[in-house]
Enquirer: 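Sharing a structure, written as structure tokens. Questions coming.
A, B, ... follow the sequence lines: proteins, then strands. Residue 1 opens every chain. FYI, side chains are in, hydrogens and waters are out, and symmetry mates aren't considered; it's all heavy atoms of this structure.
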Amino acid sequence: MRVILDPERCQGHGRCYTLTPELFEPDDLGHCVVLPLAKDVPPELREAALSGVANCPEQALSVEE
Amino acid sequence: MYGENESTEQTSLAGFDPASSDDPRALFEELRKQPVLQIGPGFAALTRRHDIEAALRNPALFSSREEAVKLGNVRPLIPLQIDPPKHVKYRRILDPLFAPRQMAALEGEIVELVDDLMGKFVGRGECDFHEELAVPLPCTVFLRLMGLPLGDLELFLSLKEGIIRPPGATMEEQEPERKRTADAIYAYFGDLVDERRAKPGDDLLTRIMGSEVDGEQLTKEEVLDVCFLFLIAGLDTVTDSLDCFFAHLAQHPEHRRQIVEDPGVISSSVEELLRWESPVPGIARVALEDTEVGGCPVHAGDNVFLLLGSANTDYEAMPGADVVDLRRNPNPHLAFGGGVHRCLGSHLARVELRVVLREFHKRIPEYSLAPGTVLEYTPGLRSVSRLPLVFSPVAEFVG
């Protein structure tokens, strides 16, 4: 599983990196940075990845299997 | 039911205000039967989650410019009333100053402030939560951030009220007080900017004045337009949220107990109570072109109110949105708006709300509304005018 960010949609709500800091972190503006680990999500972080994705109010994040 | 031709409904909606409703959720559910609610000539509201999301993400069509809402200001408020592309310049300066990491660093200081404020009433066994905690906390935090004397608290509160809740029943009646207050706000911050220019400090205002984008600092007028917005958008909304949260918890002991028994639920409770209460029930936009929403016409120049509270409880779009679940996940609510104008202060608000939920329940785990209390929610922004709570007095040992 791979997490994809649409940076045009991200507005810095910060839900992703607050809920799933293993896969996301904020940049200086508080917008989402997808960490390298999210390019191939380990099985134990699948649920956390989906939670980070589903909590984005802008639908800026998606997953690809 | 709220169609354009039903004149009785139109009349009853003249005083349309979900904020002051005891149960805005029921009102919103009724409103969602129509995608566009005609509130009056040239004034409409969007009611459904998908339409509201689309409008938030389309500032070229649903603009946040000055015409969207009159707040006594003589120039556009920055960044709220500036649309892209210019908007980006301001958010590049302001977003880093309000980023989650910066705000998290304030937590210790906010804990102390909450402790101090609570110290004045824990031994008494009762308090007016609104007056003694929800109002002074966000204002004090703001004064500290801006490096201002705490003695200016009352002045700030009166400036904020003069814009948000001036006396008068109509916009016209309220106009003179709003105008007077706006003049006072510009004058106060004007002097302050001059002072900081002569003697920079270690505070938010100095940092805003010193920030550069593309080698340019903000002009004095631009700094004033930022300060004006901070004052009217940053203080009241946290007060409103705290009032709504504690009014809910005082009336729902099962939720209060959940927080007391498991402080791990506090972060998701903040999100859920923001969603459920939507202390800012709606935000204003103006349509720049003729368009249609859900098959209903919206005309260029119409003031369009985006009902965030309705979007947040739209169970057609968000299954289960009609109940409170303090552990809700996912919870992609729009309590802070969305799109380019997403609330700048959202990360600060979250820290304040989390700290109050944690510290209050640590010291006062059991409380309820004072007997006979009838809650009155204020129009526009959803605060509670009086929120008397009763609890067992806590013996405090001062060392």
Side-chain angles (χ1 to χ4, degrees), chain A, chain B residues 49-50 52-54 56-59 79 84 87-104 211 213 267-268 270-272 274-275 308 311-312 317-319 327-351 354:
Chain A
M1 184 205 275
R2 170 193 164 102
V3 183
I4 298 158
L5 167 72
D6 178 350
E8 294 290 309
R9 279 205 157 197
C10 175
Q11 301 294 350
H13 289 261
R15 304 300 306 287
C16 55
Y17 49 76
T18 305
L19 289 163
T20 315
E22 301 92 337
L23 300 176
F24 310 104
E25 68 176 20
D27 67 9
D28 289 346
L29 293 174
H31 287 204
C32 173
V33 175
V34 178
L35 295 171
L37 192 58
K39 293 206 164 73
D40 186 9
V41 179
E44 66 275 16
L45 287 177
R46 275 182 74 93
E47 211 177 304
L50 291 171
S51 168
V53 169
N55 274 283
C56 177
E58 307 285 349
Q59 290 135 32
L61 292 164
S62 55
V63 289
E64 216 172 53
E65 289 293 339
Chain B
R49 164 102 193 191
H50 292 303
I52 290 167
E53 269 184 40
L56 288 169
R57 287 181 196 148
N58 193 352
H87 175 261
V88 179
K89 161 183 158 174
Y90 298 119
R91 291 296 292 238
R92 262 191 221 143
I93 288 178
L94 296 169
D95 279 35
L97 300 172
F98 287 91
R101 253 178 239 150
Q102 272 64 38
M103 297 301 102
S211 300
V213 166
S267 286
S268 59
V270 166
E271 304 303 329
E272 178 65 346
L274 282 169
R275 180 189 73 80
L308 300 177
N312 280 337
M318 201 177 168
R327 294 182 190 277
R328 181 180 298 276
N329 187 19
N331 187 0
H333 65 79
L334 297 171
F336 292 114
V340 295
H341 293 290
R342 186 266 307 162
C343 172
L344 175 68
S346 60
H347 305 297
L348 175 57
R350 283 185 166 114
V351 175
R354 279 199 296 260

Enquirer: What part of A:H13 is in contact with chain B, defined as an atom under 4.5 angstrom from a non-hydrogen atom: side chain, backbone, both or neither?
Expert: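 When you check distances to chain B, atoms from both the backbone and side chain of A:H13 fall under 4.5 Å.
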Enquirer: Closest approach of B:P100 and A:G30, non-hydrogen atoms and distance?
Expert: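 Heavy atoms only, the tightest pair is CD-CA, 4.0 Å.
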Enquirer: Any side-chain hydrogen bond (donor to acceptor under 3.5 Å, both in side chains) involving residues 16-28 of chain A? Give me the pairs, sequence neighbours left out, ordered by first then second residue.
Expert: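 Counting only pairs at least two positions apart or across chains, no side-chain hydrogen bond (donor to acceptor under 3.5 Å, both in side chains) contact touches residues 16-28 of chain A.
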Enquirer: Provide the closest heavy-atom pair for A:Q11 versus B:V340 in the form atom of the first, atom of the second, distance.
Expert: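 Smallest interatomic distance, heavy atoms only, reads OE1-CA, 3.5 Å.
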Enquirer: Taking only residues two or more places apart in sequence or in another chain, which ones pass salt bridge (Lys or Arg N to Asp or Glu O under 4.0 Å) with B:R327?
Expert: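 Listed in chain order: B:D262.
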Enquirer: A quick test of your reading: do over 12 heavy atoms of other residues, nucleotides or ligands sit less than 6.0 Å from CD of A:E8?
Expert: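 Check fails, neighbour count at 12 or below.
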Enquirer: Counting N and O atoms only, with roles assigned by atom type, does the side chain of A:E58 sit under 3.5 Å from a partner on the main chain of B:G339, one being a donor and the other an acceptor?
Expert: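 Flag set: sc A:E58 to bb B:G339 pair under 3.5 Å.
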Enquirer: Tell me, please, which residues at least two apart from A:Q59 pass side-chain hydrogen bond (donor to acceptor under 3.5 Å, both in side chains).
Expert: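 For A:Q59, the residues satisfying side-chain hydrogen bond (donor to acceptor under 3.5 Å, both in side chains) (neighbours in sequence not counted) are B:E53.
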Enquirer: Applying a heavy-atom distance below 4.5 Å, give me the residues of residues 343-351 of chain B that approach chain A, sorted by number.
Expert: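 At a heavy-atom separation under 4.5 Å, chain A is reached by B:H347, B:R350.
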Enquirer: Heavy-atom distance under 4.5 Å between the side chains of A:P26 and B:R101, does that happen here?
Expert: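 They are in side-chain contact.
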Enquirer: With a 4.5 angstrom heavy-atom cut-off, could you sort out which part of B:R275 is near chain A: side chain, backbone, both or neither?
Expert: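 Neither part.
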Enquirer: With only heavy atoms counted, which part of B:Q102 is less than 4.5 Å from chain A, the side chain, the backbone, both or neither?
Expert: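 Neither part; nothing is under 4.5 Å.
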Enquirer: Counting distance only, does the side-chain N/O of B:R342 pair as donor-acceptor with the main-chain N or O of A:G12 below 3.5 Å?
Expert: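 Yes.
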